[in-house]
Amino acid sequence: MNAPVTPPPAVTSGLPAVLPREATFDPADRAILARHWYPVALVSDVADRPLAVRLLDQRLVVYRADGEIVVASEFCTHRGVPLGQGTMAADGGPEGVICPYHGLRFGAGGRCVHVPAHPDRAIPGQFHLRAYPAAVRYGLVWTCLDPAPDTPPVLPAMPHWDEPAFQQINCPPVDIGGFAGRQLEGFIDVAHFAFIHVATFADPDNAQVPAYRPRRTDYGFEAEYWSTMGNYPASADHKGADGYRWLRHFRCSPPFTATLEIHFPHDGRLVIMNAASPVSARMTRMFAPIARNFDKDIPVADVHAFNARVFEEDRQMVETQEPALLPLDPLAEAHLPADMSSMLYRRLLREMGLSFSNPV
Ligand code: FES
Ligand SMILES: [Fe+2]
């Protein structure tokens with residue numbers, strides 16, 4: 001189910017790693033989370049300026065050079081100026097990002113390719129940026145801060161994304177002032193529709209949750225949830241969906257990614273990926289690629305607007321939950337039978353060795 005990809009090799013700077021100025025994660029948790037892959041940008045946003053992003057408290061710069069996308073430490077190896085403040089080279093010289101302070105230029109793989117003060121001298125290796133592997137999938141740039149050596153990355157699979165009958169849409173990323181685990185758990189929660197999503201798609205008189213049973217898989221777990229709760233926008237004609245039993249097929253790849261494949265009437269399929277990128281323990285950037293084989297004539301802007309409203313409904317819950325981190329102790333919160341998926345999700349996170357026990 002998971003999809004291997006081949007990223008370009010990363011360059012290692014000769015300088016020691018710069019630790020994040022602000023560490024919001026328990027160090028043991030962070031070491032485990034750093035081995036996984038997360039999206040950090042829309043591919044379409046990596047264009048004519050360097051992009052400053054953050055992952056697990058680590059500040060990174062994303063840019064293009066010589067046909068590849070580079071993800072590297074944001075700080076210039078010379079005097080530590082953030083390269084997100086830099087510019088992209090457009091003078092016909094080596095491609096890459098130019099530091100605003102003394103003009104050092106960094107190209108493919110994070111290599112320092114030009115030093116204006118000494119243009120004719122060889123450039124020592126310690127001027128290279130610490131670069132991380134970058135993989136492009138589902139319209140997103142993914143990276144990993146501590147990849148296992150010699151192991152190809154495995155990204156969460158997205159059903160139907162590559163099929164010709166499906167349209168691919170990428171919603172603008174959503175910034176959430178909360179923890180990625182809380183956000184992801186909200187995505188796999190089937191008991192909240194009738195309360196939070198009434199203005200967008202849900203029926204307030206249909207709150208009961210039919211039984212379902214999540215199953216473990218090689219990537220995490222999946223759950224097939226059958227119910228009569230529709231998924232058409234509240235404003236839309238229901239297109240003969242009376243009496244239809246909706247299937248929501250969740251596939252969860254811990255730590256923070258899941259897909260939801262919704263079976264619509266007349267063989268319609270809508271797949272939405274919820275890839276929660278842990279900016280810090282208190283901040284999440286949620287990426288949401290969508291694939292669907294119906295309503296392809298609806299303007300993409302309308303799809304963005306509808307999903308932005310749904311995400312906003314969820315955001316208001318995630319940002320107020322206490323404790324902010326997802327409690328993994330089964331006795332820390334009360335659970336409903338409807339919470340089978342979230343209980344298994346928490347169990348898998350515990351099995352990964354995570355604790356999320358430290359307050360942030
Ligand atoms: S600090 Fe970047 S070139 Fe000097
Ligand atoms: Fe929701």
Side-chain angles (χ1 to χ4, degrees), residues 13 15 18 50 52 59 61 63 72-89 93-94 96-107 110-119 121 123-124 126-130 171 174 176 178 180-204 206-207 209 223 225 227 229-234 246 248 250 252 256 258-260 262 270 272-276 284 286 288 290 306-321 336 338-339 341-342 345:
S13 169
L15 296 179
V18 178
R59 285 175 59 168
V61 64
Y63 62 91
S73 166
E74 192 193 357
F75 301 107
C76 178
T77 48
H78 177 227
R79 290 294 180 265
V81 167
L83 295 171
Q85 298 175 17
T87 52
M88 295 308 299
V97 58
I98 299 174
C99 179
Y101 203 0
H102 309 93
L104 264 64
R105 187 177 301 201
F106 302 93
R111 286 178 191 79
C112 183
V113 291
H114 184 52
V115 178
H118 307 287
R121 293 201 180 193
I123 301 174
Q126 75 239 42
F127 281 92
H128 300 332
L129 296 176
R130 180 174 298 271
C171 293
V174 180
I176 299 151
R182 285 286 200 190
Q183 194 281 326
L184 194 282
E185 190 182 71
F187 183 74
I188 59 174
D189 180 320
V190 294
H192 75 292
F193 305 145
F195 301 93
I196 300 307
H197 296 306
V198 172
T200 45
F201 66 86
D203 174 0
N206 190 355
V209 175
Y225 174 62
S227 80
M229 178 67 82
N231 214 94
Y232 285 121
W246 294 76
R248 289 177 170 83
F250 293 90
C252 181
F256 302 135
T259 60
L260 167 58
I262 306 174
L270 172 80
I272 180 163
M273 173 177 275
N274 184 116
T284 298
M286 195 272 276
I290 290 174
F306 175 73
N307 283 283
R309 289 175 61 208
V310 176
F311 300 149
E312 177 62 17
E313 291 164 344
D314 288 314
R315 187 183 66 80
Q316 293 179 11
M317 295 297 102
V318 174
E319 291 190 347
T320 53
Q321 285 176 288
L336 305 167
D339 298 324
S341 283
S342 70
Y345 174 53

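When reading the values below, keep in mind they use all heavy atoms of this one structure, side chains included, and skip hydrogens, waters and symmetry mates. Start at 1 and go down the list; that is how both ligands and their atoms are numbered. All values reported here derive from a predicted model rather than from experimental measurement.
- Residue pairs that meet the side-chain hydrogen bond (donor to acceptor under 3.5 Å, both in side chains) test with at least one member in residues 79-88, sequence neighbours left out, do not exist here.
- Counting only heavy atoms from C-beta outward, the side chains of Phe106 and Leu83 approach each other to under 4.5 Å.
- With Thr259 contributing its side chain and Met273 its backbone, the two residues share no donor-acceptor pair below 3.5 Å.
- Salt bridge annotation for Arg315-Glu312: present, with a cationic side-chain nitrogen under 4.0 angstrom from a carboxylate oxygen.
- Between the side chains of Glu313 and Thr200, at least one donor N or O lies within less than 3.5 Å of an accepting N or O.
- Summarising the local packing, OH of Tyr101 is surrounded by 12 or fewer heavy atoms from other residues, nucleotides or ligands at distances under 6.0 Å.
- Protein atoms of type N, O or S found under 2.8 Å from the Fe ion (ligand 2) total 4.
- Among residues two or more places apart in sequence or in another chain, the ring pair (Phe, Tyr, Trp, His ring centres under 6.0 Å) test is passed with Tyr63 by none.
- Partner Phe201 forms a ring pair (Phe, Tyr, Trp, His ring centres under 6.0 Å) with one of Trp246, Tyr232, Phe193 and no other, that one being Phe193.
- Residues His197 and Asp314 form a side-chain contact, since some pair of their non-hydrogen atoms from C-beta on lies under 4.5 Å apart.
- Excluding waters, the protein N/O/S atoms found under 2.8 Å from atom 4 (Fe) of ligand 1 are His78 ND1, His102 ND1.
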